[in-house]
Amino acid sequence: MSKISHDTIIDILSRLPAKSICRFRCVSKTWLLLTHEPHFIATHLSRHQKQKLILSSNKALFSLDQEAPIDDDMLPSVLDFPLKGDLNNQWIQMLGSCNGLVCIMPQPEAFFVFNPSTRESMRVPDCPMSSHADPCAEVGYDVHGFGYAPSVKDYMLVKIHKGCSVLIFSLKNNSWKTVQDFPYKHLLKNPGTTLNGAVHWLCMGPDHLPVIAALDLAGQKFSGLSPPESVIDSNGYTTGVLRDCLCLLHHNDHDRQRVFWIMKEYGVKESWTRILIAEPFFSLQPLCYWKNTKILVARNRREMLLFNPRDGTCKCLLANGLQVPFYVDVYVESLVSPNFRLN
């Protein structure tokens, strides 16, 4: 090993899966320090974009490798996570995923930034407005989002407090900050969708027409994106993302649909593309491309489908050991630490 140059070792290690690197940290103190260096973590993230699924079901979290070499079957792995086994509610809510970090809420108002690959986590300090009554509130619940602002190299948790005040927690500063009042109305309960350094929610604008509210995390200001012309109401829809494209998805327990939309050019209303799917659904969530040809989607929070965008046909995949209903998100395997000072 002494004949291998330091740069060569870095080059080799940075191409390995995160799980392997975590094991190799036991080889020596040199490798332990090397694999915790910010430059190494960033290099590894840029070279190793292995996507996996994280699912919440029946008070548990699971990891799923959707491209594992198992024909027509997916085997979920149970994850350890903060407050596991000490849950006061039925669901572990997932509020967003970025660069391998997933923001979860295993108990009401208990937020953790969690890396499923390294099992490292950090508890977010209590939000200063969590227990305050807000006289201007239009809704009785809080809505959240989690994302990364590349220009300031910071991960942020967003809380829209009862449709009124907007607060942001910065991992870099380890503090909450009140930004502004929420400029739109009728915000849905769904967590926001992170894309291009912003968090997105579908809501109603001041002209009583639906708008996609985009909060730029670096500038901490809102802008509005137009949904497709045929979407005239914010109820029954939610946002999503598929291969760096914003999606608009049907989400209604009483009305079945066969279409969803993809914004192929960010911010350009005319680029919304209608995608037809053969199988009807109440709710649909596109997750990721499967072997670059088909799209893995979650239908009605109860099953995984492989969707062929060429003809709209679907094929059901199994997930043995996974109870329904479930909530799902996509994350990448990474070494990024939720304890920001280690990154």
Side-chain angles (χ1 to χ4, degrees), residues 49 51-54 66-67 94 96-99 145-148 188 190-205 209-216 222-252 255-301 303-317 327-332:
Q49 289 287 316
Q51 288 188 322
K52 299 181 89 171
L53 305 181
I54 182 168
Q66 69 276 9
E67 293 195 6
M94 298 184 294
S97 170
C98 241
N99 294 341
F146 176 74
Y148 179 65
L188 299 182
N190 304 77
T193 297
T194 301
L195 182 65
N196 294 342
V199 184
H200 305 76
W201 297 268
L202 183 68
C203 52
M204 294 299 286
L209 292 175
V211 63
I212 298 174
L215 174 62
D216 178 71
F222 280 94
S223 61
L225 302 178
S226 298
E229 291 282 357
S230 59
V231 178
I232 58 175
D233 192 347
S234 64
N235 291 325
Y237 293 92
T238 187
T239 56
V241 66
L242 178 66
R243 193 179 274 179
D244 297 329
C245 289
L246 191 65
C247 300
L248 195 60
L249 314 168
H250 188 261
H251 186 85
N252 192 311
D255 179 26
R256 295 199 299 179
Q257 291 287 327
R258 292 178 182 266
V259 298
F260 65 96
W261 290 266
I262 296 179
M263 181 181 258
K264 293 193 172 181
E265 187 175 351
Y266 184 77
V268 179
K269 181 179 180 180
E270 293 73 20
S271 72
W272 281 111
T273 302
R274 186 172 179 262
I275 307 297
L276 179 66
I277 184 168
E279 300 284 344
F281 57 87
F282 293 106
S283 66
L284 190 78
Q285 183 184 2
L287 298 168
C288 56
Y289 275 84
W290 189 83
K291 297 183 179 179
N292 290 318
T293 57
K294 297 181 181 180
I295 300 172
L296 183 66
V297 301
R299 182 174 67 168
N300 303 336
R301 293 177 177 165
E303 56 186 337
M304 298 283 190
L305 301 178
L306 275 182
F307 166 61
N308 190 335
R310 294 182 177 180
D311 56 15
T313 57
C314 296
K315 177 182 178 181
C316 185
L317 290 182
Y327 296 82
V328 59
D329 203 347
V330 179
Y331 74 97
V332 297

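Within the 4.5 Å cutoff, the side chain of L249 has no heavy atoms near those of the L284 side chain. For the pair Y237/P210, no side-chain contact is recorded, criterion being any heavy-atom separation below 4.5 Å from C-beta on. Contact check for S271 versus M263: side-chain heavy atoms found under the 4.5 Å cut-off. At a threshold of 4.5 Å between non-hydrogen side-chain atoms, the residues R258 and H250 do not count as touching.
Atom NZ in K264 sits 15.0 Å away from atom CD in E270 (nearest 0.5 Å). Taking CG from L246 and CD1 from I212, the interatomic distance works out to 5.0 Å, rounded to the nearest 0.5 Å. Distance check, rounded to the nearest 0.5 Å: CG of L209 to SG of C203 gives 12.0 Å. Atom CH2 of W201 is separated from atom OG1 of T193 by 9.5 Å, given to the nearest 0.5 angstrom. To the nearest 0.5 Å, atom CD1 of residue I275 and atom CD1 of residue I295 are 7.0 Å apart.
Of the options Q51, Q66, M304, a side chain to side chain contact (heavy atoms under 4.5 Å, CB included) to L287 is made by M304 and by none of the others.
Within 6.0 Å of CG in D311 there are more than 12 heavy atoms belonging to other residues, nucleotides or ligands. In R243, the CZ atom is crowded: over 12 heavy atoms of neighbouring residues, nucleotides or ligands sit closer than 6.0 Å. Heavy-atom neighbours of L276 CG from other residues, nucleotides or ligands within 6.0 Å: above the threshold of 12.
In this structure, T194 contributes its side chain and G192 its backbone to no donor-acceptor pair below 3.5 Å. Judged by distance alone, the side chain of S226 and the main-chain N or O of K269 form no donor-acceptor pair under 3.5 Å. Looking only at distances, a side-chain donor or acceptor of N300 sits under 3.5 Å from a matching main-chain atom of F282. Of the possible polar contacts, one joining the R299 side chain to the P280 backbone as a donor-acceptor pair under 3.5 Å is found.
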Exercise for the section: Take V330 and L296, measure what side chain to side chain contact (heavy atoms under 4.5 Å, CB included) needs, and give me the verdict at the end. Expected result: CA-CA 11 Å; V330 179; L296 183 66; over 6 Å; no

Exercise for the section: Apply the test side chain to side chain contact (heavy atoms under 4.5 Å, CB included) to residues Y289 and L242: give CA-CA distance (whole Å), side-chain angles for both, the deciding distance (0.1 Å), then the verdict. Expected result: CA-CA 8 Å; Y289 275 84; L242 178 66; 3.9 Å; yes

Exercise for the section: Could you walk me through whether C314 and I277 pass side chain to side chain contact (heavy atoms under 4.5 Å, CB included), step by step? Expected result: CA-CA 8 Å; C314 296; I277 184 168; 3.6 Å; yes

Practice task
Mind running side chain to side chain contact (heavy atoms under 4.5 Å, CB included) on L305 and F281 for me, showing each step along the way?
Solution key: CA-CA 11 Å; L305 301 178; F281 57 87; over 6 Å; no

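The two residues L248 and P227 come nearest to each other via the heavy atoms CD2-CB, 4.0 Å. Nearest heavy atoms, G312 versus F307: CA-CE1, 3.3 Å. The two residues P286 and F260 come nearest to each other via the heavy atoms CG-CE1, 3.8 Å. Heavy atoms only, all atoms of each residue included: T238 and L202 are closest at N-CD2, 4.5 Å. Minimum interatomic distance between L53 and C288 (heavy atoms only, all atoms of both residues): CD2-SG, 4.5 Å. When all heavy atoms are compared, the tightest approach of I262 to C245 is CG2-CB, 3.7 Å.
Between H200 and Y266, the angle of the ring planes goes over 60°, which puts this pair in the perpendicular group of the 30/60° scheme.
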